[in-house]
Every structure is written in C-alpha cells, then in structure tokens.
Amino acid sequence: MKLFEYFGFTGKVNQLMAPKQQFIAQKISRRYCVFAISLFSLQGIVALLGAVDLVIPDLPSPIPFEYGRAIHLGLSTFWPLIGTMGMIYFFITAELNREIYSPRLARWQFWIVILFCLLILGSLALRIGNGREFLEGMPIFYVGICLALALASYNLIQTLLTDKRNITPAAATMTVGMTFLLLLLLPNTLTYTNPIADEATKFWVVHLWEEMAFELTSAGFIATFYVVSGLASRAQIEKWLYLEASLAVIGGLYGTGHHYYWIGFPAVWLILGSLLSLVEVVPVGLLVHMTYKGLKHKKIRSNREKLTLWLLLSSVFYHITGASLLGLIITVPWVNLYMHGTFFTSGHAHLALFGSLGFVVLAGCYYVLSQGSEPTLKGYKGGVLAVILLNSGLIAMSSALMVAGLMQAYFWRILGMDFMEVRLSLNPYLILRVLGGMVFTLGDLLLSWHIYRTWRTTNAK
Ligand code: HEM
Ligand code: HEM
C-alpha cells in the first residue's frame, strides 16, 4: 500500500456533487490555488531546514541562514497572496453568478505574479536582496507584483461595474480588499532616505496587509461559503459582513498604530493603536457565535464542506488566540518594551500569520480545487488528520518559541546577561520548535498531497 493510500488519500471521488456551471474565471482560479499550495509545501521544507540551522549552525547549506529566512518570509506572504487571488476569482463569480470582466487579464495576471514571485525567491537564493526585512527582494520586482495586483483590482472593479444593480456585499468586500493590497504595496516600490517613512511603509505590508486587506478578502470568502453551505442565511451573514468590513478597516488602519511609536511616531499612537486593536476581536467573536448557531441548526453532510470548515475553524481559533489576544498582550507598551524582537514575537507571528490567514487560504484553495468532487470517507479522514497535524505542530512550535522568548527577555533584557550566553541557553526550546516544525511539515505535505490529488481528479473531468 502506498503511503498516501495508508492515510486514505485514494484520489477516488464520489459523484455526489456534480459541478455547477463552470465560469472561465473559476477554471483560471484553480491555477492560482494549485500554485499557492505548491509554495506552501515548499515553505514547510525550507522553514524546517532553517529551524534546524538555528540549533546546528555548522550544517553545510547552499543558502546562508539570512537568505533562507528571507525566502521563508517571502513565501509566507506569496502563497497566501496567490491563493487569495484564486479564491476571489472563484467566489466572486459564485456570488454574482456571472463571468468576470476579463478572463484574459486574469490569465495575464497569473503569469505576472508567478514570474515576479519566482524572481524574488530566485534572486534571494542567489544572495541578491536589499536587507529590508519581510520585503527583501529587489524593489523593482515588487513593481511586478503591483502590476498583477493592479490588473486584479481593475478586473474586479470592472466586473462589479458591468452590472451595478447586482453587486453583493461579499463581492464588494473582496474587491476592496484586493485594491487595498495594491495601495499598501505601491509605496514599497520606492526607496526612502527617511528611516521612519521606510519603516512605516514596510509596516503597511507586514501588518496592514494582514490586519486589514486580507481580513476583507477572507471575510468575503467566509460569507459566501457560509451561505453556500447553509451555515447562515444571506441576511444574517451580510449584517456580519458590514460590521466585519468596517471594523477591519478602522481596526486595521488605526490598530496598526500600535507599532508606530516604536519607529518614531508621536506617543499618542501607543494609546490609539492599543485601544483600536481591541475592536479587531469583535467580528471574530460574532463569527464564532454565528458558526455555533449555524452548526446547531444545520448538519453539514458533505465531507468537502466539513473539511473546509475544519480549516476555517482552525483559522477562527488562532484569530482569537494567537492574533488578537497574544497580539494584545505584546501591544501593552510595558510588555512590548521587553518582548520586542524576541522569539515571543516570532511565536505570535506564526500563530497569527499562518494560524489565522494561512488556514483561511488553505480552506479556500481546497474548496476551489475540489469543486465537483466529494472525498471518500477515508480521504476525508486523511484530510482531517493533516489538519490535526498542522494544528499540533503549530501549537507545539509556537509554544516553544514563546517560552524561549520569555526566557530571552528575562535573562537578557531584565538580568542583563550576555547575549550569546542567553542565546545558547535557549537551545532546548529551539530543538522543541524543530520537533513541532516536523509535525507541522508532515501535516503540510499530507494536506498538500490530498489537495493535489483532488486537483488532478477534478481536472480530469
Ligand atoms: C491576522 C492578524 C495578525 C497577523 C497576521 C500578525 C502578524 C504579525 C507579524 C508577522 C509580526 C512580526 C513582525 C516583525 O517581526 O516585525 C507581528 C508583530 C506584532 N504584532 Fe501582530 N499580527 C496580527 C494581529 C495582531 C493584533 C490584533 C495585534 C494587537 C492587538 C498585534 C500586535 C503585534 C505587535 C505589538 C507586534 C510587534 C512585536 C514586536 O515589537 O516585536 N498583532 N504581528
Ligand atoms: C515547519 C514550519 C515552520 C518552521 C519550522 C518555521 C521556522 C521559522 C524560523 C527558523 C524563522 C526565523 C527565526 C525565528 O523567528 O525563529 C521563522 C520566522 C518566521 N516565520 Fe516561520 N516557520 C514555519 C512555518 C511558517 C509559516 C507556515 C508561516 C506563515 C505562513 C511562517 C511565518 C514566519 C514569520 C512571519 C517569521 C518572522 C517572525 C519574526 O520576525 O518575528 N512560518 N520561521
């Protein structure tokens, strides 16, 4: 028996769900999603090697740690970005029940975004970068990503304008989210001599992309999925969507201010940022309430929808814990003073970026790529196992990072011990992180394999 069969990934599908009318945009969206999943599986391997390198630094490696880290950080935004592009094309056509304005532009956009992502990752592997954390590729390559985002925004806006009477809130929210992704990245194609301007524009991508733009695109997808799966009525979900969208914009725009003081902005941003970060939690709480009510009244029978929901619920969990609560704790100025830039922040970064955004994108990509197929019970169980491994790995590695971060802050910043001495004392926790990373990578590869098999099967139809 092959390994993947052992886990139930037989690739066989029931014919329970006949594909609905397939729009060209929905076919194109599959390319984006399958590419996103491929980058996600690559990321697990690259990241694990990086984590091993931190505990065994003399290992022979063709790429130095700092460039490996830059590739890992690039990947952590590229695959969610590409997956989101695919999800939006899929769900906007489902929402509006019509074709997008220009499938041709969507095809061009795909090749452009892939080309420039690969140029960034490839040049980093050749040790060509600019040292600007999170946006380490050459600025010119980000112009290419902006071009892809501009094509996406134009295409989506035109799609909405083609039939103005038939615009739904979910479609509008996803379009606004995509446009924000473009507007926030654009300033990063320039270089700044003023370090505050440089840091602030970088934060618009590192933080505002996730806390505002991706919130909007994900909310649109969640709303459509809830209506399609019968978890909430359209009226109910639209009320939530209005609240989520307005709070994401207010909470995102001002909440990101919790970082500004530390990069040179006036102190008022400390208070504004911390208080307004709080509002980001409200819509997630409401979503949990709605899901609970929905699941009480409606039994979801489709394994495809159940697996999507497992991924989505994982995201909701980390949204509340790893992103909002943990984010709130490190936002408190007296805490941030000690925790800034420690492994504790890295714990938050993993729980928030993969936990809340990554899981949503995986849910969307799985849903898109499995259209027209229903996993067998064994296949479904294999998918759930992958979700469990991802969650266990993520929790294990982030907990180890958080303990390491607490010790780092205490020994180094409070007791004033030597940096290297402290760093060496953290090794046991970094080894635990490697073990958590292994479990995570296993889940990553299993899920990617499952999705890949589903994609192959549905492609053949
Ligand atoms: C989905 C939502 C979120 C994502 C994806 C996210 C992601 C991240 C990432 C990647 C970092 C590390 C950045 C770096 O090293 O410069 C970070 C840092 C930080 N985040 Fe979040 N975050 C989210 C939500 C929040 C929320 C809601 C808050 C506050 C309530 C928050 C507060 C912070 C703070 C204060 C830091 C800086 C820690 C330091 O100074 O080292 N985050 N976040
Ligand atoms: C096998 C799983 C993973 C392992 C072993 C891993 C390992 C690492 C390592 C070694 C670093 C650099 C140094 C450090 O902060 O410790 C790092 C940083 C980072 N990783 Fe991962 N990673 C994994 C998965 C992910 C995923 C799936 C994402 C997001 C989609 C992600 C996002 C980040 C971010 C945002 C940082 C920067 C943190 C900061 O500067 O505070 N990682 N990771």
Side-chain angles (χ1 to χ4, degrees), residues 38-82 114-145 188-189 191-192 195 198-199 202-203 205-206 340-350 353-354 358 393-394 397-398 400-401 404-405 407-408 412 418-442 444-445:
S38 315
L39 288 187
F40 170 56
S41 44
L42 174 70
Q43 186 186 27
I45 297 163
V46 172
L48 191 57
L49 292 176
V52 173
D53 197 42
L54 268 184
V55 265
I56 316 175
D58 295 332
L59 276 181
S61 155
I63 303 174
F65 178 80
E66 60 278 19
Y67 283 98
R69 184 179 190 273
I71 292 174
H72 174 50
L73 297 191
L75 281 169
S76 52
T77 37
F78 291 155
W79 72 259
L81 173 70
I82 296 169
I114 298 306
L115 172 71
F116 283 95
C117 282
L118 291 181
L119 279 173
I120 292 174
L121 297 175
S123 56
L124 286 173
L126 295 172
R127 307 177 192 196
I128 304 167
N130 68 14
R132 201 167 171 242
E133 199 193 12
F134 284 96
L135 292 164
E136 268 127 318
M138 304 301 289
I140 186 75
F141 294 151
Y142 293 100
V143 176
I145 309 274
N188 286 282
T189 53
T191 45
Y192 302 89
D198 185 65
E199 278 291 303
K202 192 184 81 182
F203 271 46
V205 175
V206 180
H340 168 73
T342 60
F343 282 114
F344 198 87
T345 310
S346 183
H348 161 68
H350 284 91
L353 196 55
F354 178 74
L394 180 63
M397 80 183 177
S398 305
L401 283 174
M407 289 179 53
Q408 199 180 12
W412 180 38
D418 174 65
F419 177 82
M420 274 320 286
E421 205 184 328
V422 175
R423 175 60 190 76
L424 287 175
S425 71
L426 303 179
N427 265 351
Y429 300 95
L430 297 182
I431 292 173
L432 279 179
R433 190 263 284 272
V434 171
L435 297 178
M438 282 176 178
V439 177
F440 181 95
T441 307
L442 196 62
D444 172 338
L445 296 179

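Throughout, numbering of the chain's residues begins at 1 and tracks the sequence.
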Seminar exercise, completed: CG (L124) and CD (E66) are apart, to the nearest 0.5 Å, by 11.0 Å

Problem set entry | Heavy-atom pair with the smallest gap, counting every atom of M407 and S425 | CE-O, 4.3 Å

Exercise. Is the F116 ring parallel, tilted or perpendicular to the F141 ring (thresholds 30°, 60°)?
Worked result: tilted

Exercise. Is there side-chain contact between I82 and I114, with heavy atoms separated by less than 4.5 Å?
Worked result: yes

Problem set entry | Heavy-atom side-chain contact between Y142 and L135 under 4.5 Å | yes

Problem set entry | Steps toward ring pair (Phe, Tyr, Trp, His ring centres under 6.0 Å) verdict (Y429, F343) | CA-CA 10 Å; Y429 300 95; F343 282 114; over 10 Å; no

Problem set entry | Point-to-point distance, once rounded to the nearest 0.5 Å, from CE of M397 to CG of L401 | 7.5 Å

Seminar exercise, completed: One should read off an interatomic distance between L121 CG and L119 CG, to the nearest 0.5 angstrom, of 9.0 Å

Problem set entry | Rounded distance [0.5 Å steps], CG in L42 versus CG in L445 | 10.0 Å

Exercise. Do the side chain of R132 and the main chain of D198 share a donor and acceptor less than 3.5 angstrom apart?
Worked result: yes

Exercise. Which atoms form the tightest heavy-atom contact between E133 and L73, and what is the distance?
Worked result: CG-CD1, 4.1 Å

Exercise. Parallel, tilted or perpendicular: which fits the ring planes of F40 and W79, with parallel below 30° and perpendicular above 60°?
Worked result: tilted

For this session: Kindly say whether F134 contributes a backbone atom to a donor-acceptor pair with the side chain of E136 at under 3.5 angstrom?
Result: yes

Problem set entry | Minimum heavy-atom distance between P80 and L75, given as atom pair plus value | CD-O, 3.8 Å

Check residues 49-60 and write down every donor-acceptor pair under 3.5 Å in which the side-chain atom is one partner and the other belongs to a residue at least two apart or another chain.
none

For this session: Kindly check if the number of other-residue, nucleotide or ligand heavy atoms within 6.0 Å of CG (L424) is above 12?
Result: yes

Problem set entry | K202 with E199: basic N within carboxylate O range, under 4.0 Å | yes

For this session: First locate atom OG of S61, then atom OH of Y67, and finally report the distance between them rounded to the nearest 0.5 Å.
Result: 13.0 Å

Problem set entry | Reported CD-to-CG distance for the pair E421 and L426, which is rounded to 0.5 angstrom | 11.0 Å

Exercise. Considering all heavy atoms of both residues, which atom of S76 and which atom of Q43 are nearest to each other, and what is their separation?
Worked result: CB-NE2, 3.2 Å

For this session: Please tell me if the side chains of H350 and S346 come closer than 4.5 Å, counting only heavy atoms from C-beta onward.
Result: yes

Problem set entry | Residue pair F65 / R69, side-chain heavy-atom distance below 4.5 Å | yes

Exercise. Taking side chain as C-beta onward, heavy atoms only, is L435 less than 4.5 Å from L432?
Worked result: yes

For this session: Please name the pair of heavy atoms, one in P139 and one in N130, separated by the smallest distance, quoted to 0.1 Å.
Result: CD-ND2, 3.9 Å

For this session: With sequence neighbours left out, write down each residue that passes ring-ring contact (aromatic ring centres under 6.0 Å, His included) with F78, or none if nothing qualifies.
Result: none

